[in-house]
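See structure below.
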Amino acid sequence: MTEQSPADVLNELRVDIDRIDAAMHNLLIERGGIIERLIAVKSRQGGGSAFRPGREAEMMRRIAERHRGPLPLDTVESIWRVIIATFTFVQAAYSVHADMAAGDAAMRDSARFHFGFTVPLVPHLGATGVIEAVNRANGDLGMIGIDAEASGGAWWARLTEPDAPKVIARLPFVERSDHPAGLPVFVIARSTSVAAVRDVVLHSVSVERWRDGLPAAIGAIGGSIIGNVGDRIGLVLLVATPGALPPDTLADTLRPIVGEARIAEIGSHAARFDYDTQPLPASFIFPS
């Protein structure tokens with residue numbers, strides 16, 4: 001048998017690449033057809049939110065767990081994020097409002113990585129503007145940096161009213177030390193209770209003043225203090241607790257330390273998935 005020349009092998013490989021590219025495009029077209037059917041079914045049911053933050057988080061987790069080969073996970077994740085966000089936009093057009101007060105580079109990278117370029121990005125100079133915009137436009141999303149209290153005060157206190165926007169997700173869905181869009185961000189939205197995931201529940205907690213025992217007490221129930229800002233009447237904390245806790249656990253935990261705290265739930269999100277701590281896929285484990 002005559003050995004193939006390098007040029008012939010390259011031509012065959014390029015044919016394979018073209019075949020795979022066409023197959024991927026056809027699958028996207030097929031996915032679009034399913035989305036059209038989904039839109040029709042939802043319209044007969046009276047509509048509903050297209051956002052499923054818990055489902056999206058689980059999808060990204062599965063992608064990270066099964067990924068292998070030389071293609072960087074960053075590329076795979078960004079492709080899927082664009083597909084998911086754009087098809088959500090096809091179902092119901094929406095905009096993403098982002099707090100750029102701390103500088104727009106990292107926030108813009110996060111917005112474009114997670115939502116692509118088809119979804120309009122609206123910049124705001126502060127968390128308050130983001131919250132007000134999302135509150136006015138049912139269907140839009142807001143992005144607020146987790147460390148935004150430096151410029152926005154206790155922004156989470158503006159989410160305490162029952163009809164106010166709520167936190168629905170924490171980005172990035174797949175966390176790693178070298179993530180190209182690794183800015184920790186909360187996503188807020190309205191009318192998402194049907195799709196809420198409650199692995200982690202967030203609370204706005206108002207107390208008279210800081211007490212040294214607060215971090216340890218909250219940590220003992222599996223929670224953490226994410227932010228704290230002083231206001232006219234004391235201190236406002238942003239507290240995360242496990243979603244499985246009974247409703248009164250946080251209040252009961254704080255009572256011996258600060259008395260009766262004012263506590264209001266302001267949203268929830270999926271548990272963090274830290275890719276750096278996951279075991280390598282079998283294809284990456286070699287004998288010594």
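This is a predicted model, so every value here is computed, not measured. Each residue takes its place number in the sequence, starting with 1.
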Given 3.5 Å as the limit, does a donor-acceptor pair link the side chain of [X] with the main chain of [Y], or not?
X	Y	answer
Thr118	Thr86	no
Thr88	Ile84	yes
Asp140	Val134	no

Exercise for review: Any chance you could lay out the salt bridge (charged side-chain N to carboxylate O under 4.0 Å, His left out) test for Glu161 and Lys166, step after step, and finish with the verdict?
Suggested key: CA-CA 9 Å; Glu161 294 299 323; Lys166 298 290 184 284; over 6 Å; no
Would you call [X] and [Y] a side-chain contact if the rule is heavy atoms closer than 4.5 Å?
X	Y	result
Arg211	Arg209	yes
Ile226	Ile146	yes
Gln91	Leu38	yes
Tyr275	Pro172	no
Glu36	Arg31	no
Met60	Glu77	yes
Met143	Ile188	no
Leu121	Phe115	no

For residues [X] and [Y]: do they belong to one hydrophobic cluster (side chain heavy atoms under 4.5 Å, members Ile, Leu, Val, Met, Phe, Trp, Tyr)?
X	Y	value
Met100	Phe117	no
Val82	Val76	no
Leu125	Val96	no
Ile79	Ile35	yes
Val122	Val187	no

Going from [atom1] on [X] to [atom2] on [Y], what distance comes out if it is rounded to the nearest 0.5 angstrom?
X	Y	atom1	atom2	value
Leu202	Leu159	CG	CG	9.5 Å
Ser204	Ile266	OG	CD1	7.0 Å
Leu171	Ser110	CG	OG	5.5 Å
Asp104	Asp99	CG	CG	11.0 Å
Ile144	Arg158	CD1	CZ	9.0 Å
Leu238	Trp156	CG	CH2	5.5 Å

Check your understanding: Is it the case that more than 12 heavy atoms not belonging to Gln4 sit under 6.0 Å from its CD atom?
Key -> yes
Review point. For atom CG of Asp212, is the number of surrounding heavy atoms from other residues, nucleotides or ligands below 6.0 Å larger than 12?
Key: no
So which heavy atom on [X] is nearest to which on [Y], and how close?
X	Y	answer
Leu141	Ala189	CD2-CB, 3.6 Å
Met107	Gly145	CE-N, 3.6 Å
Tyr94	Phe89	O-CE1, 3.3 Å
Pro165	Asn135	CD-OD1, 3.6 Å
Val174	Arg61	CG2-N, 4.3 Å
Gly142	Val130	CA-CG1, 3.6 Å

Exercise for review: Would you sort out whether Arg81 and Glu56 count as a salt bridge (charged side-chain N to carboxylate O under 4.0 Å, His left out), showing the intermediate values?
Suggested key: CA-CA 9 Å; Arg81 286 305 314 157; Glu56 292 187 20; 2.9 Å; yes
Point to revise | Set of ring-ring contact (aromatic ring centres under 6.0 Å, His included) partners for Phe87, sequence neighbours left out | key: none
Check your understanding: Taking only residues two or more places apart in sequence, or in another chain, which ones meet His97 in a ring-ring contact (aromatic ring centres under 6.0 Å, His included)?
Key -> His124
Fellow cluster residues of [X], listed by chain then number, with links counted only when side-chain atoms sit under 4.5 Å apart:
X	result
Leu27	none
Ile263	Val205, Val207, Trp210, Leu214, Ile218, Ile221, Ile225, Leu235, Leu237, Val239, Leu245, Leu250, Leu254, Ile257, Val258
Val201	none

Check your understanding: With ring centroids as reference points, do Phe113 and His179 lie under 6.0 angstrom apart?
Key -> yes
Study note, to complete from the structure: Those residues at least two apart in sequence (or on a different chain) that pass side-chain contact (heavy atoms from CB on, under 4.5 Å) with Glu132 are Thr128, Arg136
Would you call [X]-[Y] a salt bridge at under 4.0 Å N-O?
X	Y	result
Glu175	Arg170	yes
Arg262	Glu208	no
Asp199	Arg272	no
Glu58	Arg52	no

**Study point:** Audit row: Asp252, Thr249, side chain to side chain donor-acceptor pair (under 3.5 Å) steps and yes/no
**Key:** CA-CA 5 Å; Asp252 293 342; Thr249 303; 5.8 Å; no
Review point. Relative to each other, are the rings of His114 and Phe173 parallel, tilted or perpendicular (30° and 60° limits)?
Key: perpendicular
